[in-house]
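Every number for a ligand or one of its atoms is a count from 1 in the order of the listing. Keep in mind the model is a prediction, meaning the values are calculated, not measured. Index from 1, following the sequence.
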Amino acid sequence: MSMQSDSRIFVAGGSGMVGSAILRRLQAGGHTHLLAPSSSELDLTDQSAVRRFFHAERPEYVFLAAAVVGGIHANATYPADFITSNLEIQMNTIQSAFATGATKLLFLGSSCIYPRDAPQPIREEYLLTGPLEPTNEPYAVAKIAGIKLCESFNRQFGTNFVSAMPTNLYGPNDNYDPMNGHVLPALVRRFHEAAQAKAAEVTVWGTGEPRREFLYVDDLADACLFLMNEYDGPGIVNVGTGEDQTIAELAAVVSDVVGFKGRIRFDASKPDGTPRKLLDLSKLHALGWRHTTTLREGIALAYGDYLRTGGRTPGTGVDSVEARLQPRAGAEVLPPP
Ligand code: GDP
């Protein structure tokens, strides 16, 4: 069954990069009953608030695009935040979608759920066949738990909860924080600032040799609507471009798009993370969906967004989560061990 123009559709994480792209795509498609409370209106880590919301609004379709996300440095610095908040968000949303009889839920995972040394390109069935990349293991374990939550509700209760695994994403509303963001927005900012300052050199973390695949977030949003409407099958579905490049190649494209004229230096004392994570897209392509935005076009669009917003976008930053992990008013406070 497809979403109708008046279906009640909840986009969890609607102010983040992925959720806001899904909302734009839904609006463009003529959907009118969109539910997208901000995190200050609805804290998805608060179980009773999420229950109240679902019982009041009874969403029929749920895009679970809310997550605490960050780059390689943020994952190393805030592992407890990444695992705790993501498990809470997923449990609360998925349980409430079940309890209020949602027609369908689409859960968004990540390509980091696959084993570090998985054969490339990575097929969906390689999930849980080997050890994870240690730099983002707590985040990946939370996302794997989300997949298993969906599958378990489907098996036990006959729900229609499907999971999509996007590759590395970028686009409007990205997190341009130089320390906590992912590589692409971090480089957009660093090369832009270097170009402005006419600096001689820009430093890129790691050896430049790891390979990554990048998908423009509006393409992901299009794939999410496609899967929500067309895919009821079992099993997770990879979403990407099927093409990857080295971090050095990525840096060269970003440098060119922002007009930086100096040298690029690699700081091998910073971690490389997983050597490669290219997704196999046979399943998605066979279903009938392909991306349309090339990397250079997407980076130019993302750079336009960066210039418009000055890199100050709301998004799901890590800082807000640190504050949230403080005891809530009225919550039982356990004495320190
Ligand atoms: P990952 O795909 O989960 O490893 O996450 P990231 O997007 O954080 O990092 C991808 C790769 O880009 C890693 O090899 C990083 O070392 C490299 N990289 C180079 N410069 C940067 C930077 O400024 N920020 C981040 N986050 N990564 C960088």
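Residue contacts with ligand 1, taken as heavy atom pairs separated by less than 4.0 Å, do not involve Thr135 at all. Residue contacts with ligand 1 for Val183 involve both N, CA, C or O and side-chain atoms from C-beta outward (heavy atoms, distance under 4.0 Å). Looking at Glu133 against ligand 1, nothing comes within 4.0 Å, counting heavy atoms. Within the 4.0 Å heavy-atom criterion, neither part of Lys270 lies near ligand 1. When heavy-atom distances to ligand 1 are checked against a 4.0 Å cut-off, His73 has no atom that comes that close, whether in backbone or side chain.
Residue-ligand proximity, Asn136 to ligand 1, at heavy-atom distances under 4.0 Å covers atoms 3 (O). Ligand-side atoms of ligand 1 in range of Pro210: 14 (O), range being under 4.0 angstrom from any heavy atom. Those atoms of ligand 1 with a heavy atom of Arg190 less than 4.0 angstrom away are 22 (C), 23 (O). Heavy-atom proximity to Gly71, at under 4.0 Å, picks out these atoms of ligand 1: 8 (O). The ligand atoms of ligand 1 that sit less than 4.0 angstrom from a heavy atom of Arg212 are 1 (P), 2 (O), 4 (O), 10 (C). For ligand 1, the atoms sitting less than 4.0 Å from at least one non-hydrogen atom of Lys277 are 1 (P), 2 (O), 3 (O), numbered in the order shown with element in parentheses.
The OH atom of Tyr170 sits 13.0 Å away from atom CG of Leu187, with the distance rounded to the nearest 0.5 Å.
In terms of polar-atom proximity, defined here as any N/O pair under 3.5 Å, Ala186 makes no such contact with ligand 1. For a threshold of 3.5 Å applied to N or O pairs, the pair formed by Thr274 and ligand 1 contains no separation below that value. Of the N or O atoms in Gly181, one or more lie within a sub-3.5 Å distance of an N or O in ligand 1. Between Ile72 and ligand 1, a contact under 3.5 Å exists for at least one N or O pair. Here's the thing with Pro271: one of its N/O atoms is less than 3.5 angstrom from an N/O atom of ligand 1.
When every heavy atom of Val11 is checked against every heavy atom of Ile22, the shortest pair comes out as CG2-CG2, 4.1 Å. Closest heavy-atom contact between Phe226 and Gly288: CZ-C, 4.0 Å.
Residue Asp244 forms a side-chain hydrogen bond (donor to acceptor under 3.5 Å, both in side chains) with just one option from Arg212, Arg276, Gln120, and that option is Arg276.
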